[in-house]
Amino acid sequence: MTTSTAASGERLRDIATFVRSKNAGPFMLTIDIFFASDEECRHVIDSDVLAPRVIADIYGVAHDEVRIIHMAAANAVKISFPRPFPAGDVGDRDVAGGQQFAPLLDLVVPTR
Amino acid sequence: MTLEYVSCFVGAGFTDDSLAAALEKELAFIGADAGTIDVGPYQLAGVGSIFSEDLCRHDLHRLVLASHAKRIPLVIGSCGGSGSDAAVDWFAELVRDIARAESMSLRIARIYSEIDRDYLAGKHRAGKITPLSGSPLPYDEEVIARSERIVGVMGVEPVIAALSGGADVVLAGRMTDSAIFAAIPLMRGVPAAVAWHAGKVAECGSAIAEPVRNDLLHVMVEDDAFRVAPLNPATRCTPWSVAAHQLYENADPRRFVEPSGVLDATNAVFEAHDDRTVRVSGAAFHASPQPTVKLEGVELAGYQSIAMMSYNDRVLLESFPSWLTDARREVDVKVRRVYGDAASSATLSVRPYGAGDGTWLFDGPDVSAPQQEVFLLLDVVAPKQSMASGIANIAWHTLCHFPTKGWSGGFVTAAWPYNPPVIDRGPVYRFNVNHAVDVDDPLEVPRITYEEVGS
C-alpha cells in the first residue's frame, strides 16, 4: 500500500483495515471504521480526529446528534448520525448510504 | 439443552452442498429473513422486490423441500422484501406452487402485519403513539390517512401462535429479523438473552463469516451461550467477523430494541470454539412491561422520470461547472415557459457523476471540472407523470445540446445510451413514520390465516 504521510501523521485510510457506511434504518446513517488492533482503534478515538464536532462539520449535522461508539471486540469505532432525509426520499442518491464514508478517508491521524 | 437451526436470506442464495450439510444436522427448524427497510420505501409501497421472483422461487423451493424432508418448520419473516400483505400472499403462492409440484402436504400459516388505519387513529387519539428517539417527523391522523401502506413490526408472539396452530411453513409479514430465529428457541425454553442474541447474529446467514458469503449459517443455542459456523467450508466465522457484523446496519451495536424488550449486548463475549466456529455469550435481555409495535409507513411523493447522458469532450469538461450552471438556468426558463407557476411543484435534480458531486448525500462539495468524462443523471419528480416526463424531456434536450464557450458556435450533442431518452419510473414514495405504538397484546395487530395444501 502506498502511503503519503502528512507531516503530522497518517491518513485514516492508511491505518484503518476497512471503512464502510450504511443506513441504520431509513432515518440514520452509520459509519464503521475497523483497525488491525484495538490499540490502534483507541489511538484514533483518543486523538479526537473523529470527535463529534469534526464529524458534524464534515456532514453538516448538529454535533449533539453524532454518536461515537467503540466496540473493542471488533477493533472498531462506529459513528452514527441522522440522514439529511429518509432513505429513498425525493433527491436521494445513495439509498442504502453505502458510500458516505469517503470524506473521512483522508483525515490525518497524529502519529503515536 | 441444545437446539440447532440454520439461517439464510431468501433470494440471496446458498449452495446445494451447504443445504446437504445442513440436512445432516439435528435441526429444530430452518429460518430465513426475506426483507429489509434499509433500501428505501418502494417495496413497502408495492413497487417490485429486493430479490426477483425467479431468485425467491429458487431458494424457497430448496428450503421447503429441506424442511419437509426433515419434518421441521420453515419460518420466513418480512416476506417479499417489505412484509406487506401482498408480499406475504406472493410468497404463499410460490410455496403453494412448490408443494403442488412436489406432491407435498403442507399447512401454511400466513401472518399479516398491515395495520388498520382506524385502529391506528384510535391509538393516536389515546396518546399511544410515540416518536422514536430523535424523529423529526410529525405523525397524526392526517398522515395516517394519506399513507399508502403501514405495517407494524412484529416480534415472536405471532410466529409462536402460528406454530402452535400446527403450521409447517410460517410466512410472516414485517417482523424484526431476530424474532424470526428467536421464536422457536423461546418456545422450547431457551433463555431469552441467548435466544434473542443468537437471532440477532443469525439474521444475515453466513454474511457474518470471512470471506463474506451469502450462504447458510448453522446456529447451535445452549442454556448460556450459542455457537455459529457457516455451512460452506470455503468460509469461516472468527470472533472478529461475528463481532464486526454486529455493527452492520445499526446505530448502536450494544442495544437492540425488540417489541417485547431490549437485547443488551454490551458485555457480549465472542470466542473461537474451533477454527471456524464462534461461541457467543454474555448478552442480557430486559423484558419490557409495555409491548410496542414499531410502525413503518409510506406515502406517495409524486411521479418520477429520469434521463441520462455523458460527455467526454475535454473542451467542454474544462469549463464544466459554469457550463452546468448556465445550462440549468436555460432548462428552468424553458420549464417555466411550458408549465408556468406549476413548475414549482416539481423537482429537477441534475447529478453530474465524475464531477465530485454525484454520490454525496450532504451539502457540498462544489461541482468540479471532470478529468476525462462526466455522466449526467437527470431526475424529475412531479405531481403527475406527464409533467415529470415533460420536464425530463426539456432537461434532456437542453443539456444534450447546450453550447460550451470553449468552442466557437456550432451545435453540440451529448452521448446518451437509450432511446427513447426519457424513462418514466412511475410513482415514487417516501417513508412518513418513525414511531412506535403501545399495544395491550402483541397479538392484537397481526392476523393469522391457515391453509392446507396438497391434502
Side-chain angles (χ1 to χ4, degrees), chain A residues 17-38 55-62 64-103, chain B residues 36-45 132-137 239-255 265-266 268-271 280 294 296 298 301-302 304 347 349 351 353 357-365 377 379-381 428-434:
Chain A
T17 52
F18 181 41
V19 185
R20 69 183 177 196
S21 62
K22 196 84 194 270
N23 293 345
F27 303 96
M28 294 285 287
L29 191 75
T30 192
I31 299 169
D32 299 333
I33 308 173
F34 296 92
F35 298 90
S37 70
D38 192 48
I55 301 299
D57 282 352
I58 292 171
Y59 289 90
V61 296
D64 59 357
E65 292 185 312
V66 179
R67 297 171 67 196
I68 313 282
I69 298 164
H70 174 217
M71 189 180 182
N75 309 331
V77 58
K78 173 180 272 301
I79 304 167
S80 302
F81 49 87
R83 286 174 60 99
F85 43 80
D89 208 339
V90 174
D92 200 354
R93 47 183 73 185
D94 187 0
V95 172
Q99 287 294 308
Q100 301 307 311
F101 58 88
Chain B
T36 174
I37 192 178
D38 282 10
V39 293
Y42 305 103
Q43 279 76 45
L44 184 53
L132 296 173
S133 62
S135 174
L137 294 175
W240 179 82
S241 76
V242 177
H245 192 76
Q246 197 160 303
L247 292 155
Y248 190 61
E249 291 181 335
N250 64 64
D252 186 340
R254 302 165 304 194
R255 191 171 178 276
T266 307
V269 177
F270 304 84
E271 303 163 288
V280 186
K294 182 173 163 278
E296 293 178 353
V298 292
Q304 188 175 48
T347 60
S349 81
R351 306 173 188 181
Y353 290 89
D357 191 31
T359 308
W360 188 232
L361 265 183
F362 299 83
D363 285 341
L377 180 59
D379 177 329
V380 183
V381 176
V428 290
Y429 298 87
R430 65 164 55 101
F431 287 118
N432 66 3
V433 56
N434 189 22

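When reading the values below, keep in mind they use all heavy atoms of this one structure, side chains included, and skip hydrogens, waters and symmetry mates. Throughout, protein chains are lettered first and strands after them, A, B, ... in sequence-line order, and every chain is numbered starting at 1.
Chosen from A:Gly97, A:Gly60, A:Pro26, the residue pairing most often with chain B at heavy-atom distances under 4.5 Å is A:Pro26. Comparing A:Arg83, A:Arg20, A:Arg67 by how many heavy-atom pairs each has under 4.5 Å with chain B, the most go to A:Arg20. Among A:Ala96, A:Pro84, A:Pro86, the residue with the largest count of heavy-atom pairs under 4.5 Å with chain B is A:Pro84. For chain B, the option among A:Ile79, A:Asp89, A:Val95 with the highest count of heavy-atom pairs below 4.5 Å is A:Asp89. The candidate from B:Asp357, B:Leu377, B:Asn432 with the greatest count of non-hydrogen atom pairs under 4.5 Å with chain A is B:Asp357.
Taking the six-membered ring for Trp and thresholds of 30 and 60 degrees, B:Phe362 and A:Tyr59 have ring planes more than 60 degrees apart, a perpendicular arrangement.
In this structure the side chain of A:Phe85 reaches within 4.5 angstrom of the side chain of B:Leu361, judged on heavy atoms. Contact check for B:Arg430 versus A:Asp92: no side-chain heavy atoms found under the 4.5 Å cut-off. Using a 4.5 Å cut-off on side-chain heavy atoms (C-beta onward), A:Phe27 and B:Leu132 make no contact.
For the atom pair CG of B:Leu247 and CD1 of A:Ile69, the computed distance is 8.5 Å after rounding to the nearest 0.5 Å. How far CZ of B:Arg254 is from NE2 of A:His70: 11.0 Å, rounded to the nearest 0.5 Å.
The nearest pair of heavy atoms linking A:Phe34 to B:Ala244 is CE2-CB, 3.4 Å. Shortest non-hydrogen contact noted between A:Ala87 and B:Pro41 is O-CD, 3.4 Å. Minimum heavy-atom separation, B:Asp38 to A:Asn23: O-ND2, 2.9 Å. Pairing each heavy atom of A:Ala74 with each of B:Trp240, the nearest pair is O-NE1, 2.8 Å. Closest of all the heavy-atom pairs between A:Met28 and B:Ala251 is CE-CB, 4.1 Å.
In this structure A:Asp94 satisfies the side-chain hydrogen bond (donor to acceptor under 3.5 Å, both in side chains) test together with A:Gln100, sequence neighbours excluded.
Under a 3.5 Å cut-off, the side chain of B:Tyr42 and the backbone N or O of A:Gly88 do form a donor-acceptor pair.
Within the 4.5 angstrom heavy-atom criterion, no atom of A:Ile31 approaches chain B. Both the backbone and the side chain of B:Thr359 come within contact range of chain A, each with at least one heavy atom under 4.5 Å from a heavy atom of that chain. The contact between A:Arg93 and chain B is made by backbone and side chain atoms together, counting heavy-atom distances below 4.5 Å. Both the backbone and the side chain of B:Asn250 come within less than 4.5 Å of a heavy atom in chain A. For a residue to count as touching a neighbouring chain, one of its non-hydrogen atoms must lie under 4.5 Å from one of that chain's; by this rule B:Glu296 does not touch chain A. If you measure heavy-atom distances from B:Asp363 to chain A, you find no contacts under 4.5 Å at all. Looking at B:Asp252, the atoms closer than 4.5 Å to chain A (heavy atoms on both sides) sit in the backbone and in the side chain alike.
Contacts classified as salt bridge (Lys or Arg N to Asp or Glu O under 4.0 Å) and involving residues 70-82 of chain A (residues at least two apart or in different chains) are given here: A:Asp32-A:Lys78.
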